[in-house]
Novice: 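A single structure is presented below for examination.
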2 protein chains.
Amino acid sequence: MVTITHDKTTKYSNKMSKNIYAYALVREAIAKNIIEKKLTGNLPSERELCATYEVARSTLRQALGQLENMGLIFRKNRSGWYVCPRKLKYDPMRHASFLQYTTEQGFQPSTVLLSKKQIKPCKEISESLHVDKNTSLTSIKRVRSVDGRAVVVEDLSFSNAHLPEIEKHDLSLSISILLKNTYKHHKVLYDISVESCCLFNPIAQHLNTYDGALGLKVTRIVRDQNGVAFEFDREYWRHDALMIENNAKLDVFIQHLKP
Amino acid sequence: MVTITHDKTTKYSNKMSKNIYAYALVREAIAKNIIEKKLTGNLPSERELCATYEVARSTLRQALGQLENMGLIFRKNRSGWYVCPRKLKYDPMRHASFLQYTTEQGFQPSTVLLSKKQIKPCKEISESLHVDKNTSLTSIKRVRSVDGRAVVVEDLSFSNAHLPEIEKHDLSLSISILLKNTYKHHKVLYDISVESCCLFNPIAQHLNTYDGALGLKVTRIVRDQNGVAFEFDREYWRHDALMIENNAKLDVFIQHLKP
DNA sequence: GTGGGTTTTTGGTTCATACCAGATTTTTAA
DNA sequence: TTAAAAATCTGGTATGAACCAAAAACCCAC
């Protein structure tokens with residue numbers, strides 16, 4: 001049983017006081033308990049929280065929804081609300097494997113290959129990779145988890161011409177290591193885009209979230225040293241699972257700048 | 001008066017059919033109208049839409065909320081819902097001014113300086129800039145708009161030691177041009193982080209949105225050629241206003257790689 | 001015409017209720 | 001003992017009603 005600190009004299013639904021809304025008061029009260037670690041793991045049930053804060057369920061759910069947007073809590077379908085684990089720091093520009101940067105940060109990573117097939121590129125991909133609409137590409141879908149929590153669905157498309165027989169490798173492992181070891185692509189370049197998005201089924205289901213949940217979409221075009229694009233990635237992340245980080249590579253730059 | 005295509009035989013609130021929910025059907029119907037440009041500018045009022053789709057207002061608002069998360073529509077406080085303009089493409093790594101990259105993309109930019117003061121750094125800033133907690137920094141807040149729509153609130157802190165008399169310049173103009181012209185910082189390096197966040201008052205108010213709205217937080221540490229950090233930025237963006245983009249600088253890299 | 005007050009319209013907040021669907025736990029029967 | 005069935009708990013969906021706050025439209029006196 002979880003005990004929540006709660007000033008019993010505060011009437012959360014009393015909108016007269018200070019022109020502050022009930023949902024905002026409840027939101028702040030729960031946020032405070034989470035930040036001060038008085039609340040960990042799973043939250044009390046919605047109906048319990050309604051009783052605690054003396055608000056209707058829809059008001060409570062408005063507060064919970066905002067805490068979810070803040071990345072403080074998340075839900076498991078029809079099972080309950082949970083305090084979010086810390087975010088994964090992720091540098092889409094860095095040529096590091098998922099395995100590497102997750103373990104560096106103390107997470108237990110895992111990957112499941114959902115599908116592997118030959119596809120014809122959509123307009124966006126054919127334009128990005130400069131290939132004809134009828135060119136066959138190797139396409140894979142994967143779900144990646146940290147500490148048993150699914151955080152990203154990847155949708156990767158590879159140019160067969162550039163990466164011969166790629167479909168014969170174990171594609172549930174690190175692609176960046178495969179590029180390095182098998183195809184000798186030690187230097188690659190990325191075009192990255194990041195934007196806020198909504199996660200819909202079936203992606204939402206793979207991430208154990210709901211249809212319409214908040215996400216971050218990372219798109220990446222991978223090029224070789226000559227600027228030839230050979231890989232097109234779409235990554236759909238749980239919005240609460242990651243923080244994009246890109247650190248200036250001082251050592252490299254300074255080297256170049258020294259006479 | 002806006003006319004909406006709508007199959008009158010579809011009962012949106014009939015949950016029996018196909019196990020698809022009313023809010024999802026309404027969401028898809030409105031999304032379709034927006035994508036097909038049958039719906040532009042402002043949407044009909046919520047009560048009208050309720051009548052059109054035969055759902056309760058709370059159900060409709062759930063659909064509108066998801067369309068908002070998708071970046072398809074946005075709201076002006078108590079005035080109505082509007083179809084989102086296209087997103088601004090923004091490369092936080094590029095040393096380009098807001099004026100420059102907005103006009104390049106055909107937007108009309110403007111900036112309002114909200115405040116300018118001397119502050120003592122918080123823990124995060126003092127650690128990032130490697131300055132003592134009692135060092136005075138010049139701090140400014142600005143709101144930047146494109147086509148009259150406020151899209152980002154900036155919170156910038158500068159090291160006075162590194163940028164002497166910075167407080168005497170017009171800080172509603174481009175800082176990157178100021179750095180270039182006045183302080184001769186032609187080459188700078190950035191540490192960037194991007195994450196999903198919630199926008200609360202007063203930031204939400206500056207962006208003409210509501211307390212708890214979705215946002216993207218961009219944090220940036222600016223360093224000189226020697227790696228010395230002298231500026232700390234926090235940017236709070238409307239989540240529907242931007243797309244982070246970073247393009248591989250092929251020309252530069254290829255130059256380096258050529259023998 | 002026009003400025004200022006009034007009315008109307010709009011979204012924003014909150015409530016109470018009901019029932020559904022899936023996860024979880026408990027009970028029951030083989 | 002264990003697997004299947006039932007009960008229970010949880011969040012998810014949906015309704016409709018009421019009232020509030022601010023924006024927008026309107027109107028009228030000057």
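Protein chains get the first letters and strands the later ones, always in sequence-line order, with residue 1 at the start of each.
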Novice: Could you name each residue pair satisfying salt bridge (charged side-chain N to carboxylate O under 4.0 Å, His left out) that touches residues 72-85 of chain A, not counting sequence neighbours?
Specialist: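 For residues 72-85 of chain A: A/Glu68-A/Arg75.
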Novice: Determine the contact category for A/Thr59: base if any of its heavy atoms lies under 4.0 Å from a base atom, sugar-phosphate if only primed atoms, P, OP1 or OP2 are that close, otherwise nothing.
Specialist: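 It contacts sugar-phosphate atoms only.
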Novice: How would you list, by chain and number, every residue that makes a ring-ring contact (aromatic ring centres under 6.0 Å, His included) with B/Tyr236, sequence neighbours excluded?
Specialist: none
Novice: Please tabulate the protein-to-nucleotide N/O contacts below 3.5 Å involving nucleotides 23-27 of chain D, giving atom names and distances.
Specialist:
unit_1: D/dA24; atom_1: OP1; unit_2: B/Ser79; atom_2: OG; d: 3.4

Novice: Ignoring backbone atoms, test whether A/Tyr23 places a side-chain nitrogen or oxygen under 4.0 Å from the OP1 or OP2 oxygen of C/dT13.
Specialist: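 Indeed, a polar side-chain atom of A/Tyr23 lies that close.
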Novice: Closest approach to the side chain of A/Tyr21, judged atom by atom: which nucleotide of C/dC15, D/dT10, C/dT13 is it?
Specialist: C/dT13
Novice: Would you mind reading off the distance between A/Leu25 atom CG and C/dT13 atom C1', rounded to a whole angstrom?
Specialist: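 After rounding, the gap between these two atoms is 12 Å.
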Novice: Is there a donor and acceptor pair, one atom on the side chain of A/Arg57 and one on the base of D/dG12, closer than 3.5 Å?
Specialist: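 Flag set: donor-acceptor pair detected.
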Novice: Could one point to a donor on the side chain of A/Arg47 or the base of D/dG11 with an acceptor on the other under 3.5 Å away?
Specialist: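 Looking at the base of D/dG11, it does pair with a donor or acceptor on the side chain of A/Arg47 (distance under 3.5 Å).
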Novice: Can you figure out which of C/dT14, C/dT10, D/dT15 approaches the side chain of B/Glu48 most closely?
Specialist: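 In terms of side-chain proximity for B/Glu48, the closest of C/dT14, C/dT10, D/dT15 is C/dT10.
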Novice: Could you work out, with salt bridge (charged side-chain N to carboxylate O under 4.0 Å, His left out) as the rule, every residue matching B/Glu46, not counting sequence neighbours?
Specialist: B/Arg57, B/Arg61
Novice: May I ask you to decide if the ring planes of B/Tyr21 and B/Tyr23 are parallel, tilted or perpendicular, using 30° and 60° as cut-offs?
Specialist: parallel
Novice: CG of A/Leu49 versus C1' of D/dT10: gap in Å, rounded?
Specialist: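 Whole-Å distance recorded here is 12 Å.
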Novice: Figure out the CD/P separation between B/Gln66 and D/dA14, and round it to whole Å.
Specialist: 10 Å
Novice: Touch check for A/Arg61, heavy atoms < 4.0 angstrom, all strands: base, sugar-phosphate only, or nothing?
Specialist: base
Novice: Mind checking what makes salt bridge (charged side-chain N to carboxylate O under 4.0 Å, His left out) contact with A/Lys87, not counting sequence neighbours?
Specialist: B/Glu195
Novice: Quick one: B/Leu64 CG to D/dA14 P, roughly how many Å, whole number?
Specialist: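 To the nearest whole Å, that distance equals 14 Å.
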Novice: Holding to ring-ring contact (aromatic ring centres under 6.0 Å, His included), I want the full list of residues that pass it with A/Tyr210, two or more places apart in sequence or in another chain.
Specialist: none
Novice: C/dG12 C1' sits how many Å from B/Trp81 CH2, rounded?
Specialist: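 Result: 10 Å.
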Novice: Using a cut-off of 6.0 Å, state whether more than 12 heavy atoms not belonging to B/Lys116 lie near its atom NZ.
Specialist: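 Yes.
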Novice: Send over the distance from B/Asp211 CG to D/dA22 P, rounded to a whole Å.
Specialist: 14 Å
Novice: Just the rounded figure in Å: distance from P of D/dT13 to OH of A/Tyr210.
Specialist: 9 Å
Novice: Can you check the A/Gln205 CD to C/dA21 P distance for me, whole Å?
Specialist: 16 Å
